[in-house]
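Chain identifiers are assigned alphabetically (A, B, ...) following the order of the sequence lines, protein sequences preceding nucleic acid strands; residue numbering begins at 1 within each chain.
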Protein chains: 2
Amino acid sequence: MNTLRIEYEYQKNWLTKYTKKVNGLVLEIFDSVCILLAKAEQKHFQFTKKMLDERGLGITPGQMIILYTLYKQDGESITELGKRCFLDNSTLTGLIDRLERLQLLSRVAVPGDRRAYSIYLTDAGRAIREQVTEVMESVAQTMLAGCSDDEIAIFEKVLRNIFDKL
Amino acid sequence: MNTLRIEYEYQKNWLTKYTKKVNGLVLEIFDSVCILLAKAEQKHFQFTKKMLDERGLGITPGQMIILYTLYKQDGESITELGKRCFLDNSTLTGLIDRLERLQLLSRVAVPGDRRAYSIYLTDAGRAIREQVTEVMESVAQTMLAGCSDDEIAIFEKVLRNIFDKL
DNA sequence: TGCAAATTATTTGTATGCAAATAATATTTG
DNA sequence: CAAATATTATTTGCATACAAATAATTTGCA
């Protein structure tokens, strides 16, 4: 008896609705929506890193988000920037260090407050805007290929709900 | 003219369907579904960490996933475990170190292959199974509160699609 | 059999992320 | 005005993650 039997069992509880079973045993961890969310984002992060690399942009996914936030509005303090991209100051220090080293942004002293800096995009930072957004567009298209507009709308709604509820 | 005007504009492109505008400017970065996914997971991770902490389980979200994977099946090699929880060996080394230090699992030498270890849950590791799954259930319920069964089913389907496509 | 290639796990280096502690500067309050 | 408090950014420590390099061992092939 060395058969491989694969079933999908309907779940009534908090587990994802259809659970994969191999020879009667659930081995796959995606029966938890928590793990499914974490692993989808893990793949998404790695894929974005690869795309940025292939495009030769020389930036990482985290740096991309900072740039995207600055494209909406730059010249704010590190704390204000952190509020818009939902990152702690201690995380931003390193990210801004690396982006400054790449000469994509610069810390500018704030007149009247010697503790603070304003973060401004440089010309080089502004110059890669189209390429950065193109990568994000491309990643979104790839990962959502095969999903209908309605499904995508619901997906976004649930993500937004998760962000707001937690 | 110092009014605060907030609108939501319908988008036809790759951006999320409804985009928040403040005085005509899009400042919010959630008009990108990529960022929305990343930030929802970021919140999810932090919330899970907090829950595990409050429950006094003494483990982290990453360790929780390893335990969940082992509850499905233990006694496998590190490489095999990594395939089921989608983690690199180099990531697992540290996670397993910490879980072994907590005496929740143990590395057992494999007879016939002196390179490999089998990873087994300890009694203590098995003892917290209910509490670990309860935390995951609780996180899922909190983050999906207010979503219908249909919406959740679609959400899971899209996450699965993302994982498979990337 | 003996050497090349593959496998297994670890180490090192880099990039997120947060918490807590720190240092410098501003603000508030008595 | 001076001391207490708050704010701003950084540093340090810890926890994920992967890539690339390493070490030990096993497998495959000639």
Side-chain angles (χ1 to χ4, degrees), chain A residues 34-35 37-50 52-53 57-67 69 76-83 85-102 107-119 166, chain B residues 35 37-53 57-67 69 76-83 85-102 107-119 166:
Chain A
C34 291
I35 293 183
L37 171 59
K39 294 298 167 178
E41 168 52 21
Q42 186 180 316
K43 275 272 194 92
H44 165 247
F45 181 88
Q46 292 302 320
F47 185 77
T48 304
K49 194 165 83 171
K50 204 183 99 203
L52 288 166
D53 210 49
L57 276 170
I59 61 170
T60 59
Q63 296 167 15
M64 183 189 75
I65 293 180
I66 305 301
L67 290 179
T69 310
E76 291 181 319
S77 72
I78 291 178
T79 299
E80 287 303 313
L81 179 61
K83 279 178 192 159
C85 68
F86 307 100
L87 287 175
D88 195 89
N89 274 4
S90 59
T91 303
L92 280 170
T93 295
L95 277 164
I96 291 172
D97 280 350
R98 289 184 282 278
L99 283 164
E100 198 169 29
R101 210 175 307 135
L102 292 170
R107 284 174 171 93
V108 176
V110 172
D113 191 341
R114 293 197 294 173
R115 295 167 303 179
Y117 298 104
S118 293
I119 304 302
L166 303 186
Chain B
I35 293 183
L37 172 58
K39 294 298 167 177
E41 168 52 21
Q42 186 179 316
K43 276 273 195 90
H44 166 247
F45 181 88
Q46 292 302 320
F47 185 77
T48 304
K49 195 165 81 170
K50 205 183 96 200
M51 289 274 287
L52 288 166
D53 210 49
L57 275 170
I59 61 171
T60 58
Q63 294 168 15
M64 184 189 74
I65 293 180
I66 305 301
L67 290 179
T69 309
E76 290 181 320
S77 72
I78 291 178
T79 299
E80 287 303 314
L81 179 61
K83 280 178 192 158
C85 65
F86 307 100
L87 287 176
D88 196 89
N89 274 5
S90 58
T91 303
L92 279 171
T93 296
L95 277 164
I96 290 172
D97 280 350
R98 290 184 282 279
L99 283 164
E100 197 169 31
R101 210 174 308 134
L102 292 169
R107 284 174 170 94
V108 176
V110 172
D113 191 341
R114 293 197 294 173
R115 297 168 303 179
Y117 298 102
S118 293
I119 304 301
L166 303 185

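Regarding Glu41(B), its CD atom lies at a distance of 11 Å from the C1' atom of dT16(D), rounded to whole Å. Atom CG of Leu95(B) and atom P of dT10(C) are 12 Å apart (whole Å). Look at CD1 on Ile119(A): it is 14 Å from P on dT8(D), rounded to the nearest Å. At whole-Å resolution of the value, NZ in Lys50(A) and P in dA15(C) are 20 Å apart. Rounded to an integer number of Å, the gap from Lys39(A) NZ to dC18(D) P is 7 Å. Rounded to whole Å, atom C1' of dA9(D) lies 11 Å from atom CG of Asp88(A). Rounded to an integer number of Å, the gap from Ile96(B) CD1 to dT11(C) C1' is 15 Å. The distance between atom CD of Gln46(A) and atom C1' of dA15(C), rounded to the nearest whole Å, is 10 Å.
The partner of dA30(D) is dT1(C), by the rule that a Watson-Crick or G-U pair needs both atom distances under 3.5 Å.
Judged by distance alone, the side chains of Ser77(B) and Glu80(B) never bring a donor and an acceptor atom under 3.5 Å apart. Side-chain atoms of Lys39(A) and Gln42(A) include a donor-acceptor pair closer than 3.5 Å.
Evaluation of atom-type donor-acceptor distances gives no pair under 3.5 Å for the side chain of Arg114(B) against the base of dT25(D). For Arg115(B) against dT26(D), a side-chain-to-base donor-acceptor contact under 3.5 Å is absent. A donor-acceptor contact under 3.5 Å is formed by the side chain of Ser90(A) with the base of dA19(C).
Remark: Arg107(B) is in phosphate contact with dT10(C), judged by side-chain N or O atoms under 4.0 Å from OP1 or OP2.
Looking at heavy-atom distances under 4.0 Å, Leu92(B) makes no contact with the nucleic acid at all. Within the 4.0 angstrom heavy-atom criterion, only backbone atoms of the sugar-phosphate kind lie near Thr79(B); the bases stay farther away. Thr91(A) comes within 4.0 angstrom of a base, heavy atoms only.
With contacts defined as side-chain heavy-atom distances shorter than 4.5 Å, the pair Leu37(B)/Leu37(A) qualifies. Side-chain contact between Thr60(B) and Met64(B) is absent, with no heavy-atom pair separated by less than 4.5 Å.
Nearest-nucleotide mapping onto DNA chain C: of Ile65(A) and Asn89(B), the residue sitting toward the 5' end is Asn89(B).
Closest contact between the side chain of Arg98(B) and the listed nucleotides dT16(C), dT16(D), dA9(D) involves dT16(D). Listed candidates were dT25(D), dC18(D), dG17(C). Nearest to the side chain of Gln42(B) is dG17(C). Listed nucleotides: dT16(D), dC18(C), dT8(C). Nearest to the side chain of Thr60(B): dT16(D).
With Cys85(A) as reference, Thr69(A) is the one residue of Leu67(A), Thr91(A), Thr69(A) to meet the side chain to side chain contact (heavy atoms under 4.5 Å, CB included) rule.
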